[in-house]
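What follows is a single structure, written as structure tokens, with notes after it.
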Amino acid sequence: MCKPVYNEENKYLGKRGINRDITEQKRGAEKLVKALFKAEESDRLKSSFLANMSHEIRTPMNGILGFTELLKELDTTEEERQRCIEIIESSGLRLLNIINDLVDFSKIESGLMKIVPTDFDIDQQLEELYSFFKPEFEKKGLHIAYAKSNLSKKNLLTTDLEKLTAVLTNLLNNAKKYTLKGQVEFGYEIKKDYLKFFVKDTGIGIKENCKKMIFERFIQADASFSKSFEGSGLGLSISKAYVEMLGGKIWVESEYGVGSQFYFTIPYKAL
Ligand code: ADP
């Protein structure tokens with residue numbers, strides 16, 4: 001006996017085996033089209049990522065090769081030699097950053113990234129970051145401020161220090177890159193069972209419709225605009241993966257043209 005078939009709205013759809021369930025077929029087709037669009041979107045993203053990546057690799061590579069050629073010339077003055085060496089060094093560092101991003105990204109994607117927790121004094125770590133970044137910000141004419149926490153005693157945190165430092169370093173590097181004038185402030189607040197870190201800048205800001213997307217892999221807020229800034233578009237997706245591996249959340253608040261505030265949380269137990 002064939003049973004009558006009803007859809008969700010309880011409409012009679014005929015007998016199974018005689019009249020086919022059109023609604024189900026339609027849904028299947030819609031799912032297929034959606035998956036196709038998703039695949040196409042991801043293909044498009046990958047192509048734009050590869051194009052950006054080859055630009056990101058070629059530019060410093062050309063810098064290294066071009067300025068090495070100049071160094072070989074016999075009539076180069078001492079001042080020119082120094083300048084060449086500086087460019088070769090900064091191009092090498094830029095390449096190293098890209099390679100590190102790519103290696104970290106593929107480790108995350110393949111599930112090979114492991115968490116190694118240790119106990120450390122968080123204030124001491126942030127002081128060290130501040131000392132490292134201060135001259136870099138000053139070179140660009142920016143002010144950097146480290147806002148100390150609301151407790152004067154030592155704050156011991158147990159988490160993966162390398163990953164926490166990688167997230168803060170990435171946010172501070174972005175703040176430096178996307179801020180043309182003004183200041184960047186970073187620090188953390190102690191909440192009930194977590195620490196809330198922040199990096200606030202007075203930079204170019206992020207448009208409303210880009211705020212979620214920038215944490216996705218390969219995404220740059222405005223591809224044409226970001227072209228004038230170097231970068232792989234992987235930094236924030238790596239940061240998001242790290243923060244989530246450590247049990248926290250990451251988000252951004254921003255006003256376009258005014259500045260951005262990046263926040264993330266890390267679980268914390270007061271000792
Ligand atoms: P990128 O290597 O391009 O900087 P990220 O993943 O670190 O890649 O950042 C993704 C995008 O988010 C950037 O291309 C930029 O458009 C935007 N962005 C990140 N940080 C900031 C910031 N502090 N101010 C404005 N835009 C930012």
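Heads up: numbering here begins at 1 and tracks the sequence. Counting convention: from 1, in listed order, for ligands and their atoms alike. Both backbone and side-chain heavy atoms feed into the values below; hydrogens, waters and symmetry mates do not.
Within the 4.0 Å heavy-atom shell around ligand 1 one finds Phe262.
Tyr268 does not carry Lys191 over the face of its six-membered ring by the limits of under 6.0 Å from the centre and within 45° of the normal.
Taking distance alone, with nitrogen or oxygen atoms compared against 3.5 Å, Asp201 approaches ligand 1 more closely than that limit. When only interatomic distances are considered, the shortest N/O to N/O separation between Ile204 and ligand 1 does not fall below 3.5 Å. Geometrically, ligand 1 and Gly233 share a nitrogen or oxygen pair separated by less than 3.5 Å.
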Enumerate, atom names and distances included, each donor-acceptor pair closer than 3.5 Å involving a side-chain atom of residues 139-146, sequence neighbours excluded.
from: Lys140; atom 1: NZ; to: Lys176; atom 2: O; distance (Å): 2.5
from: Lys140; atom 1: NZ; to: Lys177; atom 2: O; distance (Å): 3.3
from: Lys140; atom 1: NZ; to: Thr179; atom 2: O; distance (Å): 2.8

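Applying the 4.0 Å criterion to heavy atoms of Leu234 picks out, from ligand 1, the atoms 6 (O), 8 (O). Close contacts of ligand 1 with Ser260, meaning ligand atoms under 4.0 Å from a residue heavy atom, involve 24 (N), 25 (C). Which parts of ligand 1 touch Gly205 is read off a 4.0 Å heavy-atom cut-off, strictly below it: atoms 25 (C). Atom numbering of ligand 1 starts at 1 in the shown order; those under 4.0 Å from a heavy atom of Gly235 are 5 (P), 6 (O), 7 (O). Listed by number with element, the atoms of ligand 1 under 4.0 angstrom from any heavy atom of Lys177 are 1 (P), 2 (O), 4 (O).
Between Ser131 and Pro135, the shortest heavy-atom distance links the atoms O-CD, 3.2 Å. For Met245 against Ile115, the heavy-atom pair with the smallest separation is CB-CD1, 3.6 Å.
Salt bridge status for Glu216 with Lys240: absent, with no side-chain N to carboxylate O gap under 4.0 Å. Using a cutoff of 4.0 Å between basic side-chain nitrogens and carboxylate oxygens, Glu30 and Arg27 are not scored as salt-bridged. Ion pairing of Glu79 with Arg83 is absent here, as no side-chain N (NZ or NE/NH1/NH2) approaches a carboxylate O to less than 4.0 Å.
Ring pair Phe264/Phe197 is parallel by interplanar angle, where below 30° counts as parallel and above 60° as perpendicular.
Proximity annotation for atom 9 (O) of ligand 1: of Asn173, Leu236, Asp101, Ile238, Leu236 comes nearest, heavy atoms only.
At a heavy-atom distance under 4.0 Å, only side-chain atoms of Ile206, from C-beta outward, approach ligand 1.
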